Structure formats: structure tokens, C-alpha cells
Amino acid sequence: MNRLWIFLCFIFSLNAGAQGYPAKPVKLVVPFPAGSATDQVARLTGQQLQEALKQPFVVENKPGAQGAIAAEFVARSAPDGYTLMVTTNTPQAANVSLFKKLAYDPVKDFEPVARLSTTSFMLMAKPDFPAKNLKELLAYVRTQPGKLSAGYGSAGSQVSIALLKSLGKLDVVEVPYKGIPQTVTDVLGGTLTFTFVDLSNALPQMKGGKLKGYAVTSAKRTPLAPEVPAVAEELKGYELIAWFALMAPAGTPKDVVQLVSDSISRSIQKPEIKEKFANIGTDVAPMNPAELGAFIKSEIAHWANLVKLANIQPE
């Protein structure tokens, strides 16, 4: 009788995961600072999930160590569906090659929930920078070896700079930051010469005339800023795309994962929500849990190749 009761309880626990979920607010951990592209995507995602599942989805920023601090926190959180992470290619793929040792495993420690969107970066400097276009920028930087600086606040921006240096044969001092908004502030203040900015932050800066956009990292020009050339127009083979995804701690009940995945995937494919994502510089690009899991494994290999091409040594 005891064995039967234990078995029945086990079966009930397997089936009870999503029943009544969510019964309380859900935490959305963001590995980058407030105002970053990931933060903006998380807040938009949280709004959609709150409308669909009738509970608050509260954003909590935990920046630092290229997203590794937040990733480790989520990986060690209870797998009950109440702590999720809006992550990017940085913690889930690039960090494997950027760090000699990680305190989390981007595959084993997480349950993929849904890919949300993709974006690219824009090379930006102050409007008074002595270069009218990308060709002139590259030529000018070559005349100032070791004297100019570039800041990065994510793996995407770090690799963007390193690829520019490698393919463009540039000598630039690289400066790390906790997030891209801080690099923008220091370019505006003159502390940094240039930076690569995700489109969600780049477009307002460019449209407001505060920073000049010289090129985007996608293989071709983006419809979001068609007047800005691609770096590849000057440096053949240059391409970098970033992505945003929703993850849960490993062991989170499958039906909870599926419920959240289905809810957000339905929402972000609505025309009006796609437009909201476009307004923050990202293109909706949904994937289900299985697709995202396979994609992350392929991205770990892809970013390893990018890091190698950019000649970045792991820290």
C-alpha cells in the first residue's frame, strides 16, 4: 500500500506542475543593466506574459561579468518556474569561449523556454569625430595606433570590436564595462573614442544627433536604419548577430516550461507586438524549447569561431 501511495504521489507531482501556475509573481532576471537592450526586451516580454498568465513578471537586473553573475544565480535558483532569465548569446554561448572557467553550464544548468528576438550592433562615435564615413574612420584609426579606445559591455560588443581590429588591422585599447549604456555615456563624455551599441540604444542616439552611426554588424544593411552601411561593405566577411531568449533553471517542470513558451510565442507573433519589438531595435524570431536547445549548442560552437577569429584570449 505504501509503495502504491508513493507511486501515485509521484505521478500527481509530474502532472501538477502547471496546474495553478503561476500562483504568485515571477522574477525575470536580466544579466545586464537597466536601459540595456536585454532589459528592454525583458520588460516587453514581462508585460506580455503578465497579460497572458495574469500574474506580475518582475524584472530584476543583475549585471556583471558579461552576464555570468545573473546566469549563475538563475542556475542555482529553485526550478519551480518562479525565477526565469531573459538572456542573450553572451551568457548562453559566448562566455564559454571568453572565460577559462564558468560557475555554470549554459546547457546543463538551464531549461530552454523560448527564443524571443535578434538584433545587431552599430559602430558609433561622437558627431565631431574626424571621419565622415566608415572608410575614413578605419583610415584615421590606423594613423593613431594604441592611442584610441573602444568600450564594450557585452560579448556582442566585445567581439564586434575585436573583429574590427582583426579584419581592419587596427590597434585600439579595449575597455570593459558592465553594460552598453555605460559605454554610450563615456563616448558622449569623451572618455572613449567609439563603441558598438545594440540597435535598441543606437537608434535613439543617432536620431537624436548625440552619436553618429558609422556601420552595422549584420551582413547587410538593416531596414531599421537603411542609411547606415554594413561593416562588411568595407571589411569582407564581417558579420555579427545577437539574440535574446527566455530560460529557466534545469529541472523546471516541462509543462510549466511549455506553458510559458506557448504564451510568449503566441504573443510576440502578433503584428502589434512585433512592432513594439521593432521599436526597440529587435526583430521577433521565436523558437520553441527544443529548437532553442539545439540552437544554443550550435551557437556555442559559432561564438567559439568568432572569438578565435577575433583573436580574443579567454580571461
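Starting from 1, each residue takes its place in the sequence as its number. None of these values were measured; they are calculated from a predicted model.
- A131 pairs by the side chain to side chain contact (heavy atoms under 4.5 Å, CB included) definition with F129, E136, L137, Y214, not counting sequence neighbours.
- The line from CD1 of I273 to CG of L44 is 6.5 Å long, rounded to the nearest 0.5 Å.
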Pair T119, T282 - check side-chain hydrogen bond (donor to acceptor under 3.5 Å, both in side chains), show working.
CA-CA 5 Å; T119 192; T282 70; over 6 Å; no
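- Heavy-atom minimum distance, A215 versus A230: CB-C, 4.1 Å.
- Although no hydrogens or angles enter the test, the distance criterion places no donor-acceptor pair under 3.5 Å between the side chain of R115 and the main chain of F244.
- Transitive grouping of hydrophobic side chains (ILVMFWY, heavy atoms separated by less than 4.5 Å) keeps L98 and I241 in distinct clusters.
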Is there a side chain to side chain contact (heavy atoms under 4.5 Å, CB included) between L49 and L246? Walk through the geometry before answering.
CA-CA 11 Å; L49 287 171; L246 192 60; 4.1 Å; yes
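- The distance from atom CG of L138 to atom CG of L123, rounded to the nearest 0.5 Å, is 8.0 Å.
- With S166 contributing its side chain and L309 its backbone, the two residues share a donor-acceptor pair below 3.5 Å.
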Determine whether E233 and K220 satisfy the following criterion, salt bridge (Lys or Arg N to Asp or Glu O under 4.0 Å), listing intermediate values before the conclusion.
CA-CA 8 Å; E233 293 178 31; K220 298 180 180 180; over 6 Å; no
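- Contact between V30 and A42 at its shortest, heavy atoms only, is CG2-CB, 3.4 Å.
- Panel note: side chain K274, backbone D283; no donor-acceptor pair is recorded below 3.5 Å.
- Listed for the N201 side chain is a donor-acceptor partner under 3.5 Å among the backbone atoms of G35.
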Verdict with supporting geometry, V29 and V86, side chain to side chain contact (heavy atoms under 4.5 Å, CB included):
CA-CA 6 Å; V29 178; V86 176; over 6 Å; no
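- Summarising the geometry of Y82 relative to A23, their closest heavy-atom pair is OH-N, 2.8 Å, with the distance given to 0.1 Å.
- For the pair L28 and V58, the minimum side-chain heavy-atom distance is 4.5 Å or more.
- Using a 4.5 Å heavy-atom cutoff, the side chains of S149 and L192 are in contact.
- Residue-environment remark: NZ (K178) stays at or below the threshold of 12 foreign heavy atoms within 6.0 Å.
- We find the CE-CG distance between M206 and L224 to be 9.5 Å, quoted to the nearest 0.5 Å.
- Stacking of R76 on the aromatic ring of Y104 is not recorded, the 6.0 Å distance cut-off and the 45° axial limit not both being met.
- Between F196 and Y238, the angle of the ring planes stays under 30°, which puts this pair in the parallel group of the 30/60° scheme.
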Show your reasoning for whether side chain to side chain contact (heavy atoms under 4.5 Å, CB included) applies to L84 and M247.
CA-CA 6 Å; L84 305 175; M247 307 288 284; over 6 Å; no
Take Y21 and D255, measure what side-chain hydrogen bond (donor to acceptor under 3.5 Å, both in side chains) needs, and give me the verdict at the end.
CA-CA 10 Å; Y21 174 89; D255 47 357; over 6 Å; no
Would you please test T87 and Q92 for side-chain hydrogen bond (donor to acceptor under 3.5 Å, both in side chains) and show each step?
CA-CA 7 Å; T87 189; Q92 302 308 130; 3.2 Å; yes
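- Contact detail for P249 and S77: the closest heavy-atom pair is CB-O, 3.7 Å.
- No donor-acceptor pair under 3.5 Å is formed between the side chain of S218 and the backbone N or O of R221.
- Surrounding CD of E275 are at most 12 heavy atoms belonging to other residues, nucleotides or ligands under 6.0 Å away.
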Assess the residue pair F73 and M85 against the criterion (side chain to side chain contact (heavy atoms under 4.5 Å, CB included)); give the C-alpha distance rounded to whole Å, side-chain angles, the decisive distance to 0.1 Å, and a yes or no.
CA-CA 10 Å; F73 173 81; M85 179 167 67; over 6 Å; no
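- For the pair V231/V216, no side-chain contact is recorded, criterion being any heavy-atom separation below 4.5 Å from C-beta on.
- Between I312 and Q158 the shortest side-chain heavy-atom distance falls below 4.5 Å.
- A heavy-atom distance below 4.5 Å is not found between the side chains of P289 and E111.
- Between G209 and P127, the shortest heavy-atom distance links the atoms O-CG, 3.4 Å.
- Note: S267 OG to Q47 CD = 9.5 Å, rounded to the nearest 0.5 Å.
- Taking all atoms of both residues into account, the shortest heavy-atom contact from S265 to A114 is OG-CB, 4.2 Å.
- Both L292 and I300 belong to a single network of hydrophobic side chains, linked directly or stepwise wherever heavy atoms of I, L, V, M, F, W or Y lie under 4.5 Å apart.
- When side chains are defined from C-beta on, L259 counts as touching L53, because their heavy atoms get closer than 4.5 Å.
- From L167, atom CG reaches atom NZ of K236 across 12.0 Å, with rounding to the nearest 0.5 Å.
- Within the 3.5 Å criterion, the main-chain N or O of F121 finds a donor-acceptor partner in the side chain of T217.
- Contact check for E174 versus Y152: side-chain heavy atoms found under the 4.5 Å cut-off.
- Tracing side-chain contacts under 4.5 Å through hydrophobic residues (I, L, V, M, F, W, Y), one reaches V107 starting from V74; they form part of the same cluster.
- Clustering ILVMFWY residues whenever any of their side-chain heavy atoms sit less than 4.5 angstrom apart, transitively, puts V197 in the very cluster that holds V159.
- In this structure, CG in D198 is found 7.0 Å from OG1 in T38, a value given to the nearest 0.5 Å.
- A distance-only check finds no donor-acceptor pair linking the side chain of E299 to the backbone of F295 [under 3.5 Å].
- Side-chain atoms of N89 come within 3.5 Å of backbone atoms of W243 as a donor-acceptor pair (strictly under, hydrogens ignored).
- Panel note: side chain Q144, backbone V141; no donor-acceptor pair is recorded below 3.5 Å.
- A donor-acceptor pair is defined here as one N or O able to donate and one able to accept, closer than 3.5 Å; no such pair exists between the side chain of S261 and the backbone of Q258.
- Tracing side-chain contacts under 4.5 Å through hydrophobic residues (I, L, V, M, F, W, Y), one never reaches L199 starting from L116; they form parts of separate clusters.
- Under the 3.5 Å distance criterion, with hydrogens and angles disregarded, a donor-acceptor pair is assigned to the side chains of S154 and S157.
- M124 has its side chain out of reach of V187: every pair of non-hydrogen atoms, C-beta onward, lies at least 4.5 Å apart.
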Using the rule given for side-chain hydrogen bond (donor to acceptor under 3.5 Å, both in side chains), can you reason through Q66 versus E315, listing the C-alpha separation, both sets of side-chain angles and the distance that settles it, and then say yes or no?
CA-CA 11 Å; Q66 296 279 49; E315 298 178 4; over 6 Å; no
